[in-house]
Amino acid sequence: LRIESELRQALQNHELQLYYQPKVSLRSGRIVGAEALLRWRHPLRGLVSPGVFIPVAEETGLILDLGAWVLEEACRQVREWRDVNLIIPPIAVNLSARQFDAELPKRVAAVLERHRVQPDQINLEITESLLVRGTDKVIDIMNQLVAMGMSLALDDFGTGYSSLAYLKKFPISTLKIDRSFVIGLPYEENDCAIARAIVTMAQQLRQEIVAEGVETAEQMAFLRELGCDQLQGYLFSQPVPAADFAAMLREGK
Ligand code: G
Ligand code: G
Ligand code: MN
Ligand code: NA
């Protein structure tokens, strides 16, 4: 309860911030995207992990206000970067299943327009729980977002309960292999088998594939051999403040 009311205040007191974690192309070694990740600088507690407050926000419904703020802030930041002629790759924003209602496409379109941001400049990351719930309504909302020019990525892939065949029903252009399967590469046979299966399937479905939580050169080498498209993880960079991400882009990394 305390976190809930403090989180409400945090929104008003500007204690929330977006960090950006680069996604790197395995082919070119260049930054081809970034994921925006929420950070909360609590005046007394210090940095509070989203692993703590996102679940609370989900339970209380506060995730709707939080999610709206994240989209607004990401678009504001993109506009600011564009205004100083920085060329930025698509920025991915995490969407909670609770944000997925019939009004979502309209709300997203309004934010993009307000900041004069093109739809392909913002990607949306969704989780498998949304697919499990996968009604025609959800598919319809996804199709509307795609028709607007946005791309959808499936986050934490492999941790939920959606069947593989299920996937092709949804207009998803990117799969993100969950960090829990990347940890054991290339030494854990099971992780290798799962990663291989996911990449093979994504290729068949013509989806881009991003590996999360890549920390070692050995993991990278294995993922390269599999034909994975992009990497995200501490090997390349932790999530960093906007200014640091802009500096990375300017250095042309
Ligand atoms: O950044 P970190 O790895 O600590 O994030 C922990 C969890 O919080 C991850 O599961 C991540 O997806 C989630 N998270 C971070 N930022 C956001 C956000 O803006 N919206 C939602 N819905 N989840 C987020
Ligand atoms: O659930 P989601 O994939 O949105 O969350 C991403 C989370 O993973 C963030 O909290 C981010 O800080 C964390 N993360 C990103 N890269 C790495 C990594 O290489 N290793 C570990 N342990 N965590 C990572
Ligand atoms: Mn994510
Ligand atoms: Na993830």
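Residues Ala202 and Leu175 share a closest heavy-atom pair of CB-CD1, 3.9 Å. In this structure, Cys75 and Val117 approach most closely via the heavy-atom pair O-CG2, 3.6 Å.
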Please assess Glu6 against Glu15 for the test side-chain contact (heavy atoms from CB on, under 4.5 Å), listing each intermediate value before the final yes or no. CA-CA 10 Å; Glu6 287 188 342; Glu15 292 167 19; over 6 Å; no
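Applying the salt bridge (Lys or Arg N to Asp or Glu O under 4.0 Å) test to pairs two or more places apart or on separate chains, those with a residue in residues 217-230 are Arg27-Asp229. Listed by first and then second residue, the ring pair (Phe, Tyr, Trp, His ring centres under 6.0 Å) pairs involving residues 22-52 are Trp40-His42, Trp40-Phe53 (not counting sequence neighbours). The list of ring pair (Phe, Tyr, Trp, His ring centres under 6.0 Å) pairs with a residue in residues 64-98, not counting sequence neighbours, reads Tyr20-Trp81, Trp81-Phe245. Sorted by first then second residue, the side-chain hydrogen bond (donor to acceptor under 3.5 Å, both in side chains) pairs that include residues 87-100, not counting sequence neighbours, are Glu35-Asn94, Glu58-Ser96. Listed by first then second residue, pairs satisfying side-chain hydrogen bond (donor to acceptor under 3.5 Å, both in side chains) with a partner in residues 234-246 number zero, not counting sequence neighbours.
Counting only distance, with no hydrogens or angles, the side chain of Gln207 and the backbone of Ile172 share a donor-acceptor pair below 3.5 Å.
The side chain to side chain donor-acceptor pair (under 3.5 Å) search around Thr127 returns Ser129, not counting sequence neighbours. For Arg107, the side chain to side chain donor-acceptor pair (under 3.5 Å) partners are Asp101, not counting sequence neighbours. For Ile87, there are no side chain to side chain contact (heavy atoms under 4.5 Å, CB included) partners at least two apart in sequence or on another chain. Residues passing the salt bridge (charged side-chain N to carboxylate O under 4.0 Å, His left out) test with Glu80, sequence neighbours excluded: Arg76. Residues satisfying the side chain to side chain donor-acceptor pair (under 3.5 Å) criterion with Ser25, sequence neighbours excluded, are Ser28. Applying the side chain to side chain donor-acceptor pair (under 3.5 Å) test to Asp65 and every residue at least two apart in sequence or in another chain returns nothing.
No side-chain heavy atom of Lys176 sits under 4.5 Å from any side-chain heavy atom of Asp156. Side-chain atoms of Pro239 and Arg39, non-hydrogen and from C-beta on, do get closer than 4.5 Å to each other.
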Return a table of donor-acceptor pairs under 3.5 angstrom between the side chains of residues 140-152 and protein atoms on other chains or two or more places apart.
unit_1, atom_1, unit_2, atom_2, d
Asp140, OD2, Gln144, NE2, 3.1
Asn143, ND2, Ile139, O, 3.4

